[in-house]
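Below is one structure, written out as structure tokens; the observations come after it.
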Amino acid sequence: MGNSRSSISTAALAAIVVVIVVVAVAGLAIYYTHRPSKVTTSTTPTPTTSTTTSTTSTSSQQVTLTIATYTGAPQRFLSMAAQLFEQEHPGVVIKVDAYPFTEYITNELTVLKAGESSYDIVTFTPTSARLLAPYVVPLNSSVINTSDILWPAESFGGVIYNATTNTSEMVGVAPWVSNVLIIYNTKYFDNATLQQEFYNEYHMQLNPWTWHNWTVVVDVSQFFVSHNITKYGVLIMDGTAGGDLDSSFESIYGWFYINNQSLNCGTVHGIPGFGIEFYGCYPKGWTYPFPPPAINTSAGVQALEILRELVSYEPSPTVFQVSFDNTPELFAEGYGPAAVNYASRLAAILAQNVSPSEIGLAPLPGNYSMAGGTYFGISRYSQNKQLALEFLQFVESPQVQEEMFLKLGLFPISKQAYSVLLSNSSVPAYEKNWLLANEISAEYGNAWEPLVPVTLQLGNALGNALLNYLENPTSQSPQQVLNSVAAQYISILKSYYASTTTSSS
């Protein structure tokens, strides 16, 4: 079906990236876009939007800093940041070239591979980080204040790890965070009558912030459907478009992996590049250059069983798929009491005329999250490297991070920005709830997906197998399904490493 990972979308979904939802929230303009999407080739290298902001300069010489990005949140953010930066740097003009998501990486790589200096700063996502890594300037903690950055969100896609040499390299910085969490309707979860009924029946709290495992989420779904409160249970994505189903499985599976040291080997996010779908170490006797798959262990089986139970409270995927795209509408219309999705869906829900005070956010059960991200790196061929570095330092500063949330509704990666915003008495309580949920989710965003060059192939194998199982749950056992996926993973990776060894020889 051509599915992909959570940080990759199909070309069909890429169009959604360009849609910016603008919502007035207590005088606040909130903009969000889709998580990173699948990159496809393009024959149209002309930017959709090229924005140049300028200020009156006292300098006799003007310097132009050109940034390549994709339309959506990055373009909006850069427009804001450029204006602020120019105010502090007279004589500097920032030019933003924004391309459709399906085109921007192809265009950036074309320019970079040719050794051209057209771009000073380039944009990438976790799945394209390795493609751009050879063409960007390595960064380090002496130039980027990493002590103030929520590190899992940064290191997931901004740091390239070489398993062979056991070395890491920072290739870009994340300007904001958008992880998977629980989006819930407060009119249900703050209802004292429903709280008491749920406690009487399940002897647990209805508050999503108290959920410590995924069985509670199943119980909540059963409660709302069986009591005819909502048509569906907690909305869980069950389609393969854009890697939605993979994201749902991995979000659930992350709990079992993170809490199983025999799988993670003490590294809760697994080996960088391979993530939680593989063991966090190389077992004795394992001879391949990649760690063995871990999804076909009891952790994966339990996660798949929970996924099946959650999907059972929705229509069959063959009849109607709950997706990243239609979740806001379903949520707004009361089809489900809550949803497991990316924080970026908040604006789309608000656009459905849902009161912001009726929307709550909470980390996934047990306080962790599946990571996502967008990153900015400096081109090796830039003739303005120092100025580009100053711009990256500027966008990571707490002051700009605060402004970003207040003006654009994007959630900071700066710890200090969270501290200031959460202590700001003018920030409404519901926005403080959003901030706290995102801070915790980003701090413990350890459910890392694979980011190897064959990520798309791995995602296809997993997504297709999951969908087939959910459509025909009696055809195979969860163990059989995941054993088959693990075997495909090994085959795909063996072929990849064999081809790279042959090429280098």
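For this chain, numbers begin at 1 and follow the sequence in order.
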#### Entry: Atom pair CG (Asp244) and CD (Gln321), whose distance is rounded to the nearest 0.5 Å
8.5 Å
### Query
Where the side chain of Lys415 meets the backbone of Leu150, is there a donor-acceptor pair that is under 3.5 Å apart?
no
### Val171 and Tyr375, any side-chain heavy atoms less than 4.5 Å apart
no
#### Entry: Heavy-atom side-chain contact between Glu439 and Leu422 under 4.5 Å
yes
### Query
Of all heavy-atom pairs between Pro134 and Arg380, which one has the smallest distance, and what is that distance?
O-NE, 2.9 Å
### Gap between atom CD of Glu329 and atom CD1 of Ile349 - 0.5 Å precision
9.0 Å
### Query
Does Ile121 reach the side chain of Leu78, with side-chain heavy atoms less than 4.5 Å apart?
no
### Query
Is there a donor-acceptor contact under 3.5 Å from the side chain of Arg130 to the main chain of Val452?
no
### Task
Kindly state whether the ring of Phe189 and the ring of Phe224 have centres lying under 6.0 angstrom apart.
yes
### Query
Is a side-chain N or O of Tyr279 found less than 3.5 angstrom from the main chain of Ser262, in a donor-acceptor match?
no
### Query
Centroid-to-centroid, Phe290 to Tyr496, below 6.0 Å?
no
### Intermediate values then yes/no, side chain to side chain contact (heavy atoms under 4.5 Å, CB included), Tyr418 and Asn438
CA-CA 9 Å; Tyr418 280 101; Asn438 274 276; 3.8 Å; yes
## Note on the structure
Separation between OG (Ser323) and CG (Leu235), nearest 0.5 Å, reads 10.5 Å
#### Entry: Exam field: side chain Asp120 to backbone Ala388, donor-acceptor pair closer than 3.5 Å
no
## Note on the structure
Value for CG (Asp97) from OH (Tyr119), rounded to nearest 0.5 Å, stands at 5.0 Å
### Query
Can you tell me if Glu449 uses its side chain to pair, donor with acceptor, with the backbone of Glu277 under 3.5 Å?
no
### Query
What's the shortest heavy-atom distance between Ala343 and Ser178, and which atoms?
N-OG, 4.0 Å
### Query
Between Thr374 and Phe77, does a side chain to side chain contact (heavy atoms under 4.5 Å, CB included) hold up when you go through it step by step?
CA-CA 11 Å; Thr374 295; Phe77 169 75; over 6 Å; no
### Task
Answer yes or no: is there a donor N or O on one side and an acceptor on the other, between the side chain of Asp238 and the main chain of Ser316, under 3.5 Å?
no
### Ser484 side-chain N/O to Gln480 backbone N/O, donor-acceptor pair under 3.5 Å
no
### Message
I need the minimum non-hydrogen distance between Ser414 and Gln401, along with the two atoms involved.
### Response
N-OE1, 3.3 Å
### Task
For Arg345 and Pro328, work out which heavy atoms get closest and say how close.
NH1-CG, 3.4 Å
### Task
Take Glu396 and Asn145 through the side chain to side chain contact (heavy atoms under 4.5 Å, CB included) test and state the conclusion after the steps.
CA-CA 8 Å; Glu396 296 295 294; Asn145 183 13; over 6 Å; no
### Task
With the side chain counted from C-beta on, respond yes when Phe156 and Leu451 share a heavy-atom pair under 4.5 Å apart, and no when they do not.
yes
## Note on the structure
The single option from Asn107, Thr123, Thr71 that satisfies side-chain hydrogen bond (donor to acceptor under 3.5 Å, both in side chains) with Tyr99 is Asn107
### Query
Do the side chains of Leu307 and Tyr469 get nearer than 4.5 Å, heavy atoms only?
no
#### Entry: Option passing ring-ring contact (aromatic ring centres under 6.0 Å, His included) with Phe411 (candidates Tyr342, Phe405, Trp434)
Phe405
### Task
Could you tell me whether a side-chain N or O of Ser221 sits under 3.5 Å from a main-chain N or O of Val217, the two making a donor and an acceptor?
yes
### Task
Under the side-chain hydrogen bond (donor to acceptor under 3.5 Å, both in side chains) rule, what do Thr125 and Tyr70 come out as? Steps first, then yes or no, please.
CA-CA 10 Å; Thr125 63; Tyr70 60 86; over 6 Å; no
#### Entry: Residue Phe320 excluded, over 12 heavy atoms near CZ under 6.0 Å
yes
### Message
Could you tell me if the side chain of Leu482 sits less than 4.5 Å from the side chain of Phe249, heavy atoms only?
### Response
yes
#### Entry: Heavy-atom donor-acceptor pair, Asn264 side chain to Ile258 backbone, under 3.5 Å
yes
### Task
Check for a donor-acceptor pair, side chain of Asn472 on one end and backbone N or O of Thr474 on the other, with a separation under 3.5 Å.
no
### Message
side chain to side chain contact (heavy atoms under 4.5 Å, CB included) for Ile378 and Val136? Distances and angles first, verdict last.
### Response
CA-CA 5 Å; Ile378 299 173; Val136 297; 5.8 Å; no
### Task
Report yes if some heavy atom in the side chain of Trp255 is under 4.5 Å from a heavy atom in the side chain of Ile306; otherwise report no.
no
### Query
Do Phe274 and Tyr489 have side chains that get closer than 4.5 Å, going by heavy atoms?
no
### Query
Where is the tightest heavy-atom contact between Phe376 and Pro175, given as atom of each residue plus distance?
CE1-CG, 3.7 Å
### Separation between CG of Asn483 and CD1 of Ile295, rounded to the nearest 0.5 Å
9.5 Å
#### Entry: Heavy-atom closest pair, residues Gly172 and Glu154
O-OE2, 2.6 Å
### Query
Knowing that exactly one of Asn296, Ile252, Leu466 qualifies, which makes a side-chain contact (heavy atoms from CB on, under 4.5 Å) with Leu304?
Leu466
### Query
Distance from Leu462 atom CG to Asp246 atom CG, nearest 0.5 Å?
4.5 Å
